[in-house]
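Order of listing sets the numbers, starting from 1, for every ligand and every atom in it. Keep in mind it's a predicted model, so treat the numbers as computed, not measured.
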Amino acid sequence: MAEPIEQDWIARPSLLQLLRLLNEAGGEARIAGGAVRNALLDQPISDVDIATNLVPRDVILRMQAAGHKTVPTGIEHGTVTVVLEGDAYEVTTLRRDIETDGRHAKVLYGTDWVADASRRDLTINALYLNADGTVYDPLGGMQDVLSQTVRFIDDAETRIKEDYLRILRFFRFFAWYGKFRPDAEGLKACTRLKGGLSELSAERIWHELSRLLAAPDPSRAILWMRTTGVLSAVLPETEKWGIDALPGLMAAEQQQGWQIDGLLRLMAIIPPMEERVSAISDRLKLPNKVKSRLRNWAQVEPLNAALNQDPFNQWLYWQNQTAVGDKLHLAIAKNDAESKKLLRQLKWLKRWNRPEFPLRGGDLINLGMAAGPAISEKLLELEQAWVNSNFTAPKDELLANVT
Ligand code: ATP
Ligand code: MG
């Protein structure tokens, strides 16, 4: 049996109040999905989702009557966000699927908790928590949570054909909560049906991939994705490059106490080449911030482990700092003869404050130079000289050389 759930959020007054209101007068409401799973594993939760037999209109009316704010965030699929005492909860009406096409589902509201559980993807995601703190487990998900078994609800192939995103979700949840190996039937179904991933929108794929990459250690999940061909289906760029760098990165993260960084894991398995990186960015419609981080990483000059602090700083001045950091992390993770020196460079990088070049175009115009392209050329030359002085040459000394 599971230990009693002892996470603070369960006793949050706003949550208890919400459940009390929804459970009055024929209403039924339970905490659903990820929060229950994570509570059973004593892991932190991201958000508390509520399932209820009340239709959205009734949820809204009840909340308004009690003076709480509601936002129809996902009203078309039955979700209302309720804000109580500053805490936001997504309240979703029980549903059953009436039609699926591999990407979208047509849903009907229902009052059947087993039907609601059955339309979810994985057994570990089909758990509920009653207001009194007891677990409602219609499909035997609790046992799978505790044994860290990740498997589909009912027949894997059928469930994947309803929504191909579930292929990626299978690996994502294995990365976070799975032990040993993913369920064999699920693996087989993913292998057979991976072609369906091409029907999904880029945004949905990236949403899952980025969460998978942010798992404490996604390397086994990614290995299984490679074995099944799922990785090539979503990231063909990894095919020739390979994923051998991942275990080293995991080890370095551990040893060096680096923060989990999903994008660094991605960089470890794709070639650092501009055209490849831009192909990924376009295909997956990556957010601009992600796109430019990848591009900068692919463009940055090669590292030179032999540089000591001053020459390193002088080189760094001309580089994109984040990109150098990314390259350093990945190179250190190779754990080869250069790693120690690169680790020192990473320390310098972390302490680095990019000094500000003291001259402006106006300084040259004041000396009588005519405005025009010659100014920026001269400025760049002076900036070079200033960097080579290890950022020490004072303004007047630099200007003294202007003829
Ligand atoms: P996290 O803590 O990462 O948010 P989560 O379990 O809350 O994990 P979500 O992606 O937020 O995961 O989905 C919430 C719940 O909705 C899941 O637990 C699952 O029951 C259900 N669900 C989400 N996406 C699907 C899907 N594509 N097919 C079936 N069920 C799904
Ligand atoms: Mg969630």
Taking 4.0 angstrom as the limit, do [X] and [Y] come out as a salt bridge?
X: Glu185; Y: Lys188; value: no
X: Arg166; Y: Glu208; value: no
X: Asp163; Y: Arg204; value: yes

Q) Hey, is atom 20 (O) of ligand 1 under 4.0 Å from any protein heavy atom? A) yes

Q: Might you point out which heavy atoms bring His68 and Val82 nearest each other, and give the distance in Å?
A: CB-CG1, 4.4 Å

Q) Where is the nearest protein heavy atom to atom 11 (O) of ligand 1: which residue, which atom, and how far? A) Asp49 OD2, 4.9 Å

**Q.** Identity and separation of the nearest protein heavy atom to atom 3 (O) of ligand 1
**A.** Arg172 NH1, 2.7 Å

Hey, does [X] sit under 4.0 Å from ligand 1 if you only count heavy atoms?
X: Ser46; value: yes
X: Trp176; value: no
X: Arg159; value: no
X: Glu162; value: no
X: Asp163; value: yes

Q: Could you tell me whether Arg169 approaches ligand 1 through its side chain, its backbone, both or neither, with non-hydrogen atoms closer than 4.0 Å?
A: side chain

(Q) List ligand 1 atoms under 4.0 Å from Arg166, heavy atoms only on the residue side. (A) 26 (C), 28 (N), 29 (C)

Q.
Show the atoms of ligand 1 that are less than 4.0 angstrom away from any heavy atom in Gly34.
A. 5 (P), 6 (O), 7 (O), 18 (O)

Q) Side chains of Arg30 and Asn130: is there a donor and an acceptor less than 3.5 Å apart? A) yes

(Q) What I want to check is whether the side chains of Glu301 and Trp315 have a donor and an acceptor closer together than 3.5 Å. (A) yes

